[in-house]
A.B. asks: 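Have a look at the structure that comes next, please.
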Amino acid sequence: QFKHNTKYTKQEIINIINKQFDTNLKLSDIDKKKYENIINEDVSEYEIKEAIPNLIKYLTNFWGRKVIAMIDEYDTPIQAGYFNGYYNEMMELIKGILLPAFKDNRNLKVGVFTGIFRVAKESFFSDLNNPGTFTILESEFEDKFGFTEEEVKIAIKDIGEDEKLYQEIEKWYNGYRFGDEQIYNPWSIVNYLWEQEFQPYWINTSSNNILRELVKEQGEKFREEIKTLMEGGTITRILEEHIPFSEFRKKSEALVWSLLFFAGYLTCKTFEYNKKGECVCELIVPNREVHLIMEKVIYQWIDEAVGGSEL
């Protein structure tokens, strides 16, 4: 039943997209053929690599303005390649797909990539023209990737609730620090407003394979520090803002805290940069939702590593 529904939904989406391309974008016969080949998964590697630049060109030609292109979780296929033995091949494919779309593309106004990892050295970003890179520790876009306190209060008012409800929502879904701003998880807030039931709505899966392996490699000290965090305490650690895949095994102890932070399991209560330019962060579990998720996910990984022993 699931497979049938998935196939039906996919076909409906394809039909809608085809209609838009046929009636709105007025593609040439050659371009229509290229598009149909992609939809039917009858394409060569070369055709895959030119798909995004072609789409940007089609949209620019139709709308008469340059395109804003956004790629979410760009690092997920890279992780898959790393853990399944085809990392180099995946990096080449990613470069082949994204560089033509984002480097020297006259039809592109702005390109945005989001992901867990700011992959250093090995990344295709080094081939782009001076890209700006920003982490959640920086203030440039601190209020752009989640809901602020004011926005949540407006949303609560819109559904006819009062300040008392806000206080409970704050316990469940607030606590992330982006730059100098306190941010609510937008996915959790939207789901709560729809369901109006307090429960964990968020779970990060994009970085879990790597985190699982790193957590399982840690010793007693790590388990005690996790216990401290789960009891409401804080720990202070240096965060790695640039994370080369080649160093995962060499620096697993340092990287595990950075990944727990950038993946959303932890947040910074306070942070500062030391004389070496390293980010020294006081880590804390952000809210009740994440606490419940960590009880289930992180403890399970630890149990796998220690054979079911109690933390």
A.B. asks: Measure up the Tyr192 and Tyr173 rings against each other and bin them: parallel (under 30°), tilted (30 to 60°), perpendicular (over 60°).
C.D. replies: tilted

A.B. asks: Where is the tightest heavy-atom contact between Tyr299 and Met230, given as atom of each residue plus distance?
C.D. replies: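 Answer, listing the atom of Tyr299 first, then Met230: OH-CG, 3.4 Å.
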
A.B. asks: Any idea how Trp301 and Tyr265 line up, ring-wise: parallel (<30°), tilted (30 to 60°), or perpendicular (>60°)?
C.D. replies: perpendicular

A.B. asks: Closest approach of Lys296 and Gln300, non-hydrogen atoms and distance?
C.D. replies: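 Taking every non-hydrogen atom into account, O-CB, 3.1 Å.
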
A.B. asks: I want to know whether Phe134 and Phe141 have ring centres closer than 6.0 Å.
C.D. replies: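 Centroid separation for Phe134 and Phe141: below 6.0 Å.
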
A.B. asks: Using only atom types and a distance under 3.5 Å, with no angle test, would you say the side chain of Asn287 pairs donor to acceptor with the backbone of Asn174?
C.D. replies: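 At least one qualifying donor-acceptor pair exists.
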
A.B. asks: Within the supplied structure, the quantity of interest is the number of heavy atoms (other residues, nucleotides, ligands) at a distance under 6.0 Å from Glu150 CD; does it exceed 12?
C.D. replies: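 No, the 6.0 Å shell around CD holds no more than 12 heavy atoms from other groups.
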
A.B. asks: Step by step, would you call Tyr176 with Asn185 a side-chain hydrogen bond (donor to acceptor under 3.5 Å, both in side chains)?
C.D. replies: CA-CA 8 Å; Tyr176 288 103; Asn185 183 331; 4.7 Å; no

A.B. asks: Using every non-hydrogen atom in the two residues, find where Arg106 and Lys66 come nearest and quote the distance to one decimal.
C.D. replies: O-CE, 3.0 Å

A.B. asks: Any sub-3.5 Å donor-acceptor pair from Glu282's side-chain atoms to Thr236's backbone N or O?
C.D. replies: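 No, because the side chain of Glu282 does not come within donor-acceptor range (under 3.5 Å) of the backbone of Thr236.
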
A.B. asks: State whether the side chain of Arg65 and the backbone N or O of Val67 hold a donor-acceptor pair below 3.5 Å, judged by distance alone.
C.D. replies: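 Judged by distance alone, no pair lies under 3.5 Å.
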
A.B. asks: Tell me, with the steps shown, if Asp72 and Thr114 meet side-chain hydrogen bond (donor to acceptor under 3.5 Å, both in side chains).
C.D. replies: CA-CA 5 Å; Asp72 189 25; Thr114 62; 2.5 Å; yes

A.B. asks: Please tell me if the side chains of Glu181 and Thr148 come closer than 4.5 Å, counting only heavy atoms from C-beta onward.
C.D. replies: yes

A.B. asks: Less than 4.5 Å apart, any side-chain heavy atom of Trp202 and any of Asn191?
C.D. replies: no

